[in-house]
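In this chain, numbering begins with 1 at the start of the sequence shown. Atoms within a ligand are numbered from 1 in the order they appear, just like the ligands themselves.
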Amino acid sequence: MVATPIGNLDDFSPRAVKTLKQVNLIAAEDTRHSKPLLRHFGISTPLIAMHEHNEREAMQNILARLKENQSIALISDAGTPLISDPGFPLVRECHQLGIRVCPIPGASAAICAISAAGLPSDRFLFEGFLPRTQAARRERLQGLKHEHCTLVFYESNHRIRESLQDMQLVFGADRPALLARELTKLHETLISAPLDELLQQVEADPMQRKGEIVLLVAGAEKKADAEQTAEATRILEILLKELPVKQAAALTAQITGEKKNQLYQEALALRDPPKS
Ligand code: SAM
């Protein structure tokens with residue numbers, strides 16, 4: 001698994017170049033896309049294509065060659081293979097067959113953006129690409145509303161406006177965020193601002209809707225524990241007046257982000273208080 005640059009060719013590691021020269025074959029997501037890069041670094045190893053449309057067939061071919069003790073490198077168009085890119089079934093199969101898989105690390109847009117975002121980086125959730133349709137996108141975002149860790153999205157420049165609008169709607173206008181565009185390239189831009197300001201800037205300046213984009217959103221703020229628990233109990237009490245214990249606990253968990261099991265126990269106690 002060999003990482004290639006996400007823009008700046010100086011990020012191609014000597015180890016990656018050496019590996020690509022030494023292997024018998026390079027499986028590339030798009031051979032036409034990778035050829036100029038490989039030529040630039042004097043890599044003349046034969047190429048085969050493995051992309052999302054031929055992944056299963058290509059995988060069988062690759063596995064057959066690996067079983068004959070050939071060494072094969074997998075690269076994607078840019079960055080680290082398998083990160084929103086093809087390769088997962090192949091790697092899983094290699095592990096099942098006892099074929100050694102060796103990562104040659106390098107650039108990945110998500111990690112690159114996190115390192116410069118100024119948002120908490122101790123815990124983050126990589127979400128990759130959001131669904132294309134508005135209803136599915138909003139549903140996905142709704143499910144992330146109470147996540148406390150930093151959220152990392154890959155976004156197409158065609159949909160950046162719509163995604164920011166939906167994020168503002170679901171997460172709130174003042175949620176801190178970062179738009180990282182064209183990382184490691186000539187027009188690299190990092191804009192750190194709350195979601196509403198980010199949306200305004202993207203709407204006002206068409207440049208901000210060009211190129212490749214990673215979007216980071218801060219996690220939901222943690223309320224003080226006592227405050228949060230009191231709020232959950234209040235909601236649970238209201239719901240218990242209308243709903244069975246299990247449903248009330250599940251809904252309260254969804255609304256507050258508190259643990260369902262804990263709320264279920266609390267709901268049981270509220271419904272049938274212990275006799276003194
Ligand atoms: N495997 C790649 C990686 O490790 O980052 C990601 C592949 S994914 C198909 C492509 C997406 O990654 C782009 O749509 C964009 O969201 C993000 N991306 C890739 N290169 C980027 C760059 N130079 N600047 C910002 N985002 C980038």
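- For ligand 1 and T80, the ligand atoms under 4.0 Å from any heavy atom of the residue are 1 (N), 3 (C), 4 (O).
- Exactly one of I26, I62, N54 qualifies for a side chain to side chain contact (heavy atoms under 4.5 Å, CB included) with I48. That residue is I62.
- Looking at R209, its side chain does come within 3.5 Å of a backbone N or O of V202 through a donor-acceptor pair.
- Heavy atoms of I213 approach ligand 1 to within less than 4.0 angstrom.
- Looking at F153, F129, F126, it is F129 that brings a heavy atom closest to atom 14 (O) of ligand 1.
- In terms of modelled atom types and a separation under 3.5 Å, the side chain of N157 and the main chain of G211 share a donor-acceptor contact.
- The pair R234-E237 fails the salt-bridge criterion, with no side-chain N (NZ, NE, NH1 or NH2) lying under 4.0 Å from an Asp/Glu carboxylate O.
- Of the protein's non-hydrogen atoms, the one nearest atom 18 (N) of ligand 1 is A109 CB, 3.4 Å.
- Contacts of D85 with ligand 1, taken as heavy-atom pairs under 4.0 Å, involve the side chain alone.
- When side chains are defined from C-beta on, D166 does not count as touching L130, because their heavy atoms never get closer than 4.5 Å.
- For ligand 1, the atoms sitting less than 4.0 Å from at least one non-hydrogen atom of E155 are 16 (O), numbered in the order shown with element in parentheses.
- Donor-acceptor pairing under 3.5 Å is recorded for the side chains of T233 and E266.
- Here K185 has side-chain heavy atoms under 4.0 Å from ligand 1, and that is the only part of it that gets that close.
- Not a single N or O atom of A107, backbone or side chain, sits closer than 3.5 Å to an N or O atom of ligand 1.
- Protein heavy atom in closest approach to atom 20 (N) of ligand 1: E212 OE1, 3.3 Å.
- Checked by atom type and distance alone, the side chain of Y154 pairs as donor or acceptor with a backbone atom of A110 at under 3.5 Å.
- Counting heavy atoms under 4.0 Å from ligand 1, residue A78 touches it through the backbone alone.
- Taking a cut-off of under 4.0 Å to the non-hydrogen atoms of G79, the atoms of ligand 1 that pass are 3 (C), 4 (O).
- Here R137 does not pair with E162 in a salt bridge; the nearest charged N to carboxylate O distance is not below 4.0 Å.
- Across L270, L240, L239, L236, a single residue satisfies side chain to side chain contact (heavy atoms under 4.5 Å, CB included) together with V245, and that is L240.
- Here the protein heavy atom with the shortest distance to atom 6 (C) of ligand 1 is I83 O, 3.4 Å.
- Between S84 and ligand 1, no N or O atom pair is found at a separation short of 3.5 Å.
- Counting protein heavy atoms only, atom 26 (N) of ligand 1 is closest to V214 CG2, 3.4 Å.
- Atom 22 (C) of ligand 1 has its closest protein heavy atom at L183 N, 3.6 Å.
- Although no hydrogens or angles enter the test, the distance criterion places no donor-acceptor pair under 3.5 Å between the side chain of E127 and the main chain of V152.
- Considering only non-hydrogen atoms, atom 4 (O) of ligand 1 lies nearest to S108 out of G128, A110, S108, G7.
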